[in-house]
Amino acid sequence: MTYLILVLVAVFCIRLFKFAYNTIWIPFRIQNHFKKQGVTGPGYHPIFGNMPEIRRLFEEAMSKPSPLHDGDHDVLPRVAPFYHKWSNIYGKPFLYWSGSQPRLAISDPDLIKEITMNTGGGSFDKTGFDPKGKVLFGQGLIALFGQQWALHRRILNRPFRMERVKKENTLLINFYFTHSIIFFITYNSLYRSYIVAETRKMLEKWEERRAGRDEFEMEVFKQLHDLSVDIISRTAFGTFFEQGKQIFLLQEQQMQFFSLAVESLNIPGLRFLPTKNNREIEEYSSFLSLLMGSDEEERLGEEEIIGEFKTFYFAEKETVANALAWALLLLGLNPEWQDKAREEVIRVLGSNKVPVAENLKDLKIVNMIIDETLRLYPPIVMLMRKTYKDVKLGNINIPAGTELYLALAAVHHDTYIWGNDAHKFNPDRFKESRKHLASFIPYGLGPRFCVGQTLATIEMKTILAMIIRQYYLAVSPTYVHAPKLFISLEPQYGVQLLLTRITL
Ligand code: HEM
């Protein structure tokens with residue numbers, strides 16, 4: 001018995017020592033390592049790091065709206081308040097702590113380029129998601145890294161050819177089909193016709209709402225999300241459209257869970273506890289899998305395929321709809337750009353009421369407006385990477401296991417890169433090609449560059465063109481400006497516009 005107690009005490013002491021070593025000794029050693037190189041930060045606090053302070057700064061930022069003074073669209077204090085505060089105090093880059101995990105916050109385009117272009121080379125890669133994130137993205141491209149990601153992306157980059165598919169095994173056929181969907185959809189005229197048809201339906205509903213009045217108010221953020229859901233459900237599910245739509249409802253609930261998971265500390269094993277949240281996550285997850293694989297004839301198959309569909313749905317809806325809502329707001333605030341865009345749309349479309357494929361490349365002003373929107377309000381405000389080896393970045397030696405917070409929104413709002421009017425809406429900056437590869441990176445950079453960029457551009461151009469051809473936009477007095485980071489960058493209280501019908 002005494003012997004057993006001694007063993008238990010020894011095990012406990014070893015565990016305690018290991019815990020102290022990992023949460024006190026190692027972090028302070030790493031902090032010193034960076035300090036010697038001139039990189040400082042808010043300082044490490046055992047176990048929790050800077051997470052409580054980060055949470056407090058976010059809560060403070062979200063507690064009040066941020067009125068638009070003189071067309072100033074500086075989103076950083078709201079979407080990355082900790083970055084805004086600490087980069088001003090400690091300079092760039094600076095070191096902060098997610099629990100006992102060191103994070104280096106970087107916004108130098110040269111360094112970002114080096115990191116993102118090197119993905120896959122063994123030094124830098126994605127961090128891997130919080131385990132709860134798998135519910136949202138599954139084993140899809142966004143959440144994968146290392147060899148598994150490379151395999152998925154390689155397959156995705158190949159066009160869909162039936163002869164080649166037949167030679168592969170069943171799993172690969174499924175894979176092939178799923179991945180090729182993005183390729184297939186992007187270059188398929190059917191997808192474009194779905195965009196046009198669903199946008200038309202949305203505009204018809206707007207007309208019903210107008211009910212003959214000259215001017216009416218519309219909250220467009222929710223409308224654009226519904227439109228995205230309809231387009232992607234129609235494309236992916238065809239006649240099983242309504243069932244497809246259920247996926248979004250479930251994903252919206254999962255986003256709440258994921259957002260909570262990201263904000264909370266990831267203590268190993270915690271997710272297996274039978275808490276209310278964990279139980280609900282499990283239920284939604286299995287229901288989603290069931291939904292996508294229940295019917296024998298409609299079976300999509302493996303877990304990975306489900307993951308890719310989740311990724312595809314999420315990436316499409318959260319980014320495109322948000323960007324469009326911001327674009328409409330910016331056009332409402334800038335009537336001169338609205339006029340220029342409308343004039344271009346009418347000229348390019350001619351007698352066509354809706355854009356056809358050949359029109360899209362000629363919508364240059366619309367394109368500049370979309371780029372300027374993605375600069376000021378990038379749907380994805382940061383990229384995360386991790387060092388998997390000791391590396392030298394610029395003149396900083398970074399130990400293996402350091403997370404890198406690449407402050408995409410900070411790069412987009414950097415006055416050094418964009419000039420003193422960096423926070424103002426001025427699509428003219430996109431007349432010329434960009435100065436530095438990493439100064440404008442709404443779709444990321446390097447091997448993990450967004451696979452949906454072409455798809456997103458087609459959708460945004462088509463929808464914007466159709467809306468501004470039909471309505472004059474003005475911002476409603478009920479609109480409250482409050483950009484919010486909820487996984488992607490969205491307007492906290494929606495976007496209320498006053499729409500006036502144009503008769504041509
Ligand atoms: C305005 C629209 C969009 C924006 C701003 C955007 C932004 C991004 C960014 C910044 C990344 C890189 C993430 C990183 O490097 O860590 C990314 C990756 C990705 N995007 Fe998009 N995206 C958009 C639309 C789409 C659409 C429509 C799809 C659907 C097909 C999509 C699918 C993906 C996928 C699957 C990845 C992961 C690629 C990989 O890791 O290899 N995105 N996106």
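As a basis for the values below, the full set of heavy atoms in this structure was taken, side chains included, without hydrogen atoms, waters or symmetry mates. Order of listing sets the numbers, starting from 1, for every ligand and every atom in it.
- Every atom of ligand 1 is numbered from 1 in the order shown, and the set under 4.0 Å from a heavy atom of L455 is 27 (C), 30 (C).
- For the residue pair Q223/W206, the side-chain donor-acceptor check at 3.5 Å is satisfied.
- Scanning for ring pair (Phe, Tyr, Trp, His ring centres under 6.0 Å) contacts around Y479 gives H481, with sequence neighbours left out.
- Of all the heavy atoms of M384, none lies under 4.0 Å from any atom of ligand 1, so neither backbone nor side chain is involved.
- Within the structure, every pair that satisfies the side-chain hydrogen bond (donor to acceptor under 3.5 Å, both in side chains) test and touches residues 397-412, not counting sequence neighbours, is listed here: R103-E403.
- Each of L376, L374, L489 was scored for a side chain to side chain contact (heavy atoms under 4.5 Å, CB included) with W326, with one residue passing: L489.
- Interface atoms of ligand 1 facing K126, defined by a heavy-atom separation under 4.0 Å, are 13 (C), 14 (C), 16 (O).
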Would E372 and R429 satisfy salt bridge (charged side-chain N to carboxylate O under 4.0 Å, His left out), going step by step from the backbone distance to the final call?
-> CA-CA 8 Å; E372 182 65 341; R429 352 174 167 260; 3.0 Å; yes
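- Contact annotation for Q453 and ligand 1: no heavy atom of the residue comes within less than 4.0 Å of the ligand.
- When the heavy-atom distances from atom 24 (C) of ligand 1 to T116, L408, T319, L489 are ranked, the shortest goes to T319.
- Of all heavy-atom pairs between K113 and L437, the closest is CE-CD2, 4.0 Å.
- The shortest heavy-atom distance from E459 to ligand 1 is not under 4.0 Å.
- Of the candidates G444, S228, C450, P379, it is C450 that places a heavy atom closest to atom 8 (C) of ligand 1.
- Against a heavy-atom cut-off of under 4.0 Å, L383 is close to the following atoms of ligand 1: 10 (C), 13 (C), 14 (C), 15 (O), 16 (O).
- For the 3.5 Å distance criterion, the side chains of N118 and S123 fail to qualify, holding no donor opposite an acceptor.
- Residue R385 approaches ligand 1 through these ligand atoms, each under 4.0 Å from one of its heavy atoms: 14 (C), 15 (O), 16 (O).
- Not one N or O of Y443 is nearer than 3.5 Å to an N or O of ligand 1, by distance alone.
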